[in-house]
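What you see is a predicted model, and the numbers here were worked out from it, not measured in a lab. Chain letters run A, B, ... following the sequence lines, proteins first, then strands; residues in each count from 1.
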Protein chains: 2
Amino acid sequence: MQDALRRFKADIFQALAHPTRIAILELLRDGDLSAGALIEKLGMEQANVSQHLAVLRAKQLVAHRKVGNQVFYSVRDRVLIDVLDLMRIYFHAHLKESLGMLDELDKTQEALR
Amino acid sequence: MQDALRRFKADIFQALAHPTRIAILELLRDGDLSAGALIEKLGMEQANVSQHLAVLRAKQLVAHRKVGNQVFYSVRDRVLIDVLDLMRIYFHAHLKESLGMLDELDKTQEALR
DNA sequence: GCTCTATATTACTCCATTCGAATATTCCTA
DNA sequence: TAGGAATATTCGAATGGAGTAATATAGAGC
């Protein structure tokens with residue numbers, strides 16, 4: 001049972017473990033977006049984005065509703081946003097030591113979010 | 001740059017995306033433990049645990065110090081524990097819909113942590 | 001220095017994830 | 001109902017992650 005909980009957590013983290021999927025969740029932070037809008041904002045292949053959305057859907061991190069031709073996605077639980085926010089604190093605290101990007105980091109604080 | 005940051009985040013989540021590594025972090029929740037102690041508590045192969053520790057070390061999620069023959073591990077940032085706690089909230093909210101374990105869930109509330 | 005214990009690393013195999021390309025599905029509109 | 005737009009799914013190739021077994025390293029004590 002303990003173990004099932006850990007598998008569950010691991011699954012969620014697995015779903016979060018891709019730059020594109022993180023980007024998607026961050027884009028959905030302030031409200032719904034259609035798949036098309038996501039594709040445009042991400043500037044990536046339609047099929048690729050759609051596959052990542054499928055992962056997020058499978059793990060139930062996002063909800064989706066059809067509106068005519070389009071499909072609108074949203075973050076299913078604000079707690080996920082809280083997790084991302086907490087991780088942002090972590091990232092700010094440790095990015096410098098973790099990567100060799102000190103210079104760029106200092107120069108582009110605004111890029112951090 | 002945005003992208004490098006997201007890759008960094010994804011890497012951290014990737015490191016968290018395994019039940020054994022989550023178990024390790026939870027075991028380290030209340031203080032340092034030696035690799036041997038972790039192996040014993042986890043009841044897993046030495047090499048296997050050591051590899052998972054290597055992942056956590058590589059991503060800098062844990063700190064380690066040598067004491068004679070042994071190596072003691074600790075969580076490098078409490079924020080990670082907070083994240084795991086948040087995930088528990090998420091778990092409680094969604095497990096029923098997410099997994100097919102309704103019955104056990106209701107019967108073993110105390111096992112939840 | 002030799003041996004024992006604790007831990008890490010390597011090699012190999014198996015399974016999962018990722019991407020692009022092509023194809024399928026669904027819904028709208030003429 | 002045919003065509004077009006939006007989105008999803010499938011396939012194959014490449015890459016990456018996980019587990020086991022075997023081997024290597026490092027420190028302690030004799």
Nucleotide [N], atom [atom2] - distance to [atom1] of [X] in whole Å:
{"X": "A:Ile39", "N": "C:dC19", "atom1": "CD1", "atom2": "C1'", "value": "15 Å"}
{"X": "B:Met44", "N": "C:dA8", "atom1": "CE", "atom2": "P", "value": "15 Å"}
{"X": "B:Ile24", "N": "C:dT7", "atom1": "CD1", "atom2": "C1'", "value": "13 Å"}
{"X": "A:Asp11", "N": "C:dA16", "atom1": "CG", "atom2": "C1'", "value": "12 Å"}
{"X": "B:Lys66", "N": "D:dA26", "atom1": "NZ", "atom2": "P", "value": "7 Å"}
{"X": "A:Leu42", "N": "C:dG20", "atom1": "CG", "atom2": "C1'", "value": "17 Å"}
{"X": "A:Glu40", "N": "D:dA6", "atom1": "CD", "atom2": "P", "value": "11 Å"}
{"X": "B:Leu56", "N": "D:dG17", "atom1": "CG", "atom2": "P", "value": "14 Å"}

>> Less than 4.0 angstrom from a charged side-chain N to a carboxylate O is my criterion; do A:Arg7 and A:Asp11 meet it?
In response: no
>> Looking at B:Lys9 and A:Glu26, is any side-chain nitrogen of the basic one under 4.0 Å from a carboxylate oxygen of the acidic one?
In response: yes
Within the 4.0 Å heavy-atom criterion, would you say [X] contacts the bases, only the backbone, or no part of the nucleic acid?
{"X": "B:Ala47", "answer": "base"}
{"X": "B:Thr20", "answer": "nothing"}
{"X": "A:Tyr73", "answer": "sugar-phosphate"}
{"X": "A:Asn48", "answer": "sugar-phosphate"}

> For the side chain of B:Gln46 and the base of C:dA6, is some donor closer than 3.5 Å to an acceptor across the two?
Replying inline: no
> Quick one: are B:Arg21 and B:Leu16 in side-chain contact, heavy atoms under 4.5 Å?
Replying inline: no
> Hey, are the side chains of B:Arg29 and B:Leu84 touching, using non-hydrogen atoms and a 4.5 Å cut-off?
Replying inline: no
Considering only [options], which nucleotide approaches the side chain of [X] most closely?
{"X": "B:Gln51", "options": "C:dT10, C:dT7, D:dT7", "value": "C:dT10"}
{"X": "B:Ala35", "options": "C:dA8, D:dA26, C:dC19", "value": "C:dA8"}
{"X": "A:Ser50", "options": "C:dT9, D:dA18, D:dT9", "value": "D:dT9"}
{"X": "A:Val71", "options": "D:dA8, C:dT7, C:dT18", "value": "D:dA8"}

> Which comes earlier along DNA chain C counting from the 5' end, the contact point of A:Gln14 or that of A:Glu45, where each point is its nearest nucleotide?
Replying inline: A:Gln14
> If you round to the nearest 0.5 Å, how far is OH of A:Tyr73 from CG of A:Asp32?
Replying inline: 12.0 Å
> Atom OG1 of B:Thr20 and atom CZ of A:Arg6: how far apart are they, to the nearest 0.5 Å?
Replying inline: 9.0 Å
[X] side-chain N/O to [N] phosphate OP1/OP2 under 4.0 Å:
{"X": "A:Arg21", "N": "C:dT18", "value": "yes"}
{"X": "A:His52", "N": "C:dC19", "value": "yes"}
{"X": "A:His18", "N": "C:dC19", "value": "yes"}

